[in-house]
Trainee: 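Once you've had a glance at the structure underneath, I'll fire off some questions.
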Protein chains: 2
Amino acid sequence: MIRIILAEDQRMLRGALGSLLDLEDDIEVIGQADNGEEALKLIHELKPDVCLMDIEMPLLTGLDIAEQLQMAKSSCKVIILTTFARPGYFERAVKAEVHGYLLKDGSSDDLAQSIRNVMAGKREMAPELIFGAFKEKNPLSERECEILRLASSGKTSNEIAASLFLSHGTVRNYLSEIMGKLEVKSRIEAIKLAEDKGWL
Amino acid sequence: MIRIILAEDQRMLRGALGSLLDLEDDIEVIGQADNGEEALKLIHELKPDVCLMDIEMPLLTGLDIAEQLQMAKSSCKVIILTTFARPGYFERAVKAEVHGYLLKDGSSDDLAQSIRNVMAGKREMAPELIFGAFKEKNPLSERECEILRLASSGKTSNEIAASLFLSHGTVRNYLSEIMGKLEVKSRIEAIKLAEDKGWL
DNA sequence: TTCAAAACATGACACTTGTCACCTGCAAGT
DNA sequence: ACTTGCAGGTGACAAGTGTCATGTTTTGAA
């Protein structure tokens, strides 16, 4: 019997998947969470074989959890189930050595089989990702990301400078550099593009 | 037997709900669509008792379809199933006299019963909406929305002015007005907030 | 009819943004 | 030892942005 927990903040999908997976003879849903912290707690308490997680959840993202489990050398296998085929997310998931990365755009019929494959030691990656994976990787450095993140929250150059203890000229240089790399003309476009690609 | 069709562009959710509903003795899923035009075609061809639709779908939104069915005085009952509790969407759905407006954040267990209630002539509205419906309505006028939309795409004041045949001073006045109404200090924050609330 | 709101406009002012050229210091690689 | 690249910096300039006061015109509701 494969014991799994589900972490997904959209109740309708979580409930539906939970019911469906429970119908399988060899799969048992032993816990469900609608946020990251709850999910992590359940994993520690219940020691499931597999956890099926969304990425964007309240409190803690699925990727955060995957990284923590990797560091703790947990035996719980991780399958990410998300809407987003963002290269940034996928890259991070691969680094965290997740056992599966599936898209919500995929078929629900294949889900149970994917879980079985993962239990058998295979890795299940949505085909869309393997091909398009590193075609577009994040051209921004750590620092540049940090600055763009702050800009995206609506901060002005001066405020960004203050919170990073930089001069405002430096901040503007970074933003200029970022816009150059992203081939856009304003910080607003840069923010849109970076958020879109999941680089933020 | 209640004959229904499902229209939802996220395959995983549509598949899962389809399988679940088909397990009910008195419900039969006779068609599924992943875009609005396909859904409308199916409704005309198969004459289902109920159609369960998302709002944001390719080609045609669920609200567009609901309005068309209302005009055509179709006997097919419409249930909207969406992520968004946006007052704007809900208002439009009510005007289109939909029979149900449920949230993807609701329980999947209640779905079948909601469908039965709708067939029995009741209306099923997510409680979150009835109460919070008009608490926070869009403070921006049509024109202001239009300008903020253009700003959100990264256009400068001058570019917005050009595309609307206004002077750039007028555009800046609007943006200033918008930021005042939204109580923020920059257009970036205004964009974030408006997108967040679904006013865009 | 009258009044208020929305839409549109101008000009002026201070500040922010984006660009550029040019500078230092430091930590890899080769 | 030397180059390269990242991080950080300066100063100057043009353009864009946000604010204000002050108008006109149109339009819909009381």
Side-chain angles (χ1 to χ4, degrees), chain A residues 87-88 91-92 95 134 136-197 199-200, chain B residues 87-88 91-92 95 134 136-197 199-200:
Chain A
E91 204 180 328
R92 220 179 125 193
K95 282 195 188 127
F134 293 89
E136 270 200 300
K137 69 175 224 276
N138 190 344
L140 305 179
S141 69
E142 263 309 306
R143 198 59 162 172
E144 287 165 346
C145 275
E146 197 176 4
I147 281 164
L148 191 55
R149 246 192 314 273
L150 289 168
S152 85
S153 72
K155 283 190 160 66
T156 66
S157 299
N158 275 319
E159 289 167 338
I160 296 170
S163 65
L164 294 179
F165 307 103
L166 298 176
S167 84
H168 84 131
T170 304
V171 171
R172 281 184 304 141
N173 278 345
Y174 274 116
L175 279 165
S176 190
E177 179 94 349
I178 289 166
M179 293 183 290
K181 284 186 182 180
L182 265 39
E183 297 178 317
V184 296
K185 297 195 320 302
S186 74
R187 71 228 262 134
I188 298 182
E189 289 175 289
I191 290 165
K192 289 268 162 199
L193 203 153
E195 281 184 342
D196 213 61
K197 301 280 187 185
W199 296 335
L200 183 139
Chain B
E91 209 179 323
R92 214 177 131 194
K95 282 194 188 130
F134 295 87
E136 265 200 305
K137 67 176 231 274
N138 191 344
L140 305 179
S141 69
E142 260 312 304
R143 200 56 161 174
E144 288 164 346
C145 275
E146 195 176 5
I147 282 165
L148 191 55
R149 245 191 316 273
L150 289 168
S152 86
S153 72
K155 283 193 160 64
T156 66
S157 299
N158 274 320
E159 289 166 337
I160 297 170
S163 64
L164 293 179
F165 307 102
L166 298 177
S167 84
H168 83 131
T170 303
V171 171
R172 277 159 47 223
N173 278 345
Y174 274 116
L175 280 165
S176 189
E177 179 95 349
I178 289 166
M179 292 183 291
K181 285 186 181 179
L182 265 39
E183 297 179 314
V184 296
K185 298 194 320 301
S186 72
R187 68 228 261 141
I188 297 182
E189 288 176 289
I191 291 166
K192 289 269 160 193
L193 202 153
E195 281 184 343
D196 215 59
K197 301 278 188 187
W199 295 336
L200 183 141

Trainee: Looking at residues 162-178 of chain B, who's got a heavy atom less than 4.0 Å off DNA chain C?
Mentor: Leu166(B), Ser167(B), Gly169(B), Thr170(B), Arg172(B), Asn173(B), Tyr174(B)
Trainee: Examine dT17(D): is either OP1 or OP2 under 4.0 Å from a nitrogen or oxygen in the side chain of Ser157(B)? Give yes or no.
Mentor: yes
Trainee: Expressed in angstrom and rounded to an integer, what is the separation of Ile160(B) atom CD1 from dC8(C) atom P?
Mentor: 13 Å
Trainee: When you measure from the side chain of Met179(B), which nucleotide among dC8(C), dG18(D), dG18(C) comes out closest?
Mentor: dG18(D)
Trainee: Rounding to an integer number of Å, can you tell me how far Arg187(A) CZ sits from dA15(D) P?
Mentor: 19 Å
Trainee: Output the rounded distance in Å from CD (Glu189(B)) to P (dT16(C)).
Mentor: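 Value for this atom pair: 14 Å.
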Trainee: Can you tell me the distance, in whole Å, between the CD atom of Glu183(B) and the P atom of dG18(D)?
Mentor: 17 Å
Trainee: Got a list of protein N/O to nucleotides 27-30 of chain D N/O distances below 3.5 Å?
Mentor:
none

Trainee: Between Lys155(A) and Glu144(B), who's closer to the 5' end of DNA chain C by nearest nucleotide?
Mentor: Glu144(B)
Trainee: Can a donor-acceptor pair be found, under 3.5 Å and without considering hydrogens, that links the side chain of Ser176(B) to the backbone of Asn173(B)?
Mentor: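 No; zero donor-acceptor contacts below 3.5 Å.
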Trainee: Would you indicate, yes or no, if dC6(D) has its OP1 or OP2 atom less than 4.0 angstrom from a side-chain nitrogen or oxygen of Arg143(A)?
Mentor: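 For dC6(D), neither OP1 nor OP2 has a side-chain N or O of Arg143(A) closer than 4.0 Å.
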Trainee: For the pair made of NZ in Lys185(A) and C1' in dT17(C), what is the distance, rounded to whole Å?
Mentor: 14 Å
Trainee: Side-chain contact, heavy-atom cut-off 4.5 Å: Lys185(B) with Glu159(A)?
Mentor: yes
Trainee: Side chains of Arg149(A) and Ser153(A): closer than 4.5 Å at any heavy-atom pair?
Mentor: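 No; the side chains remain at least 4.5 Å from each other.
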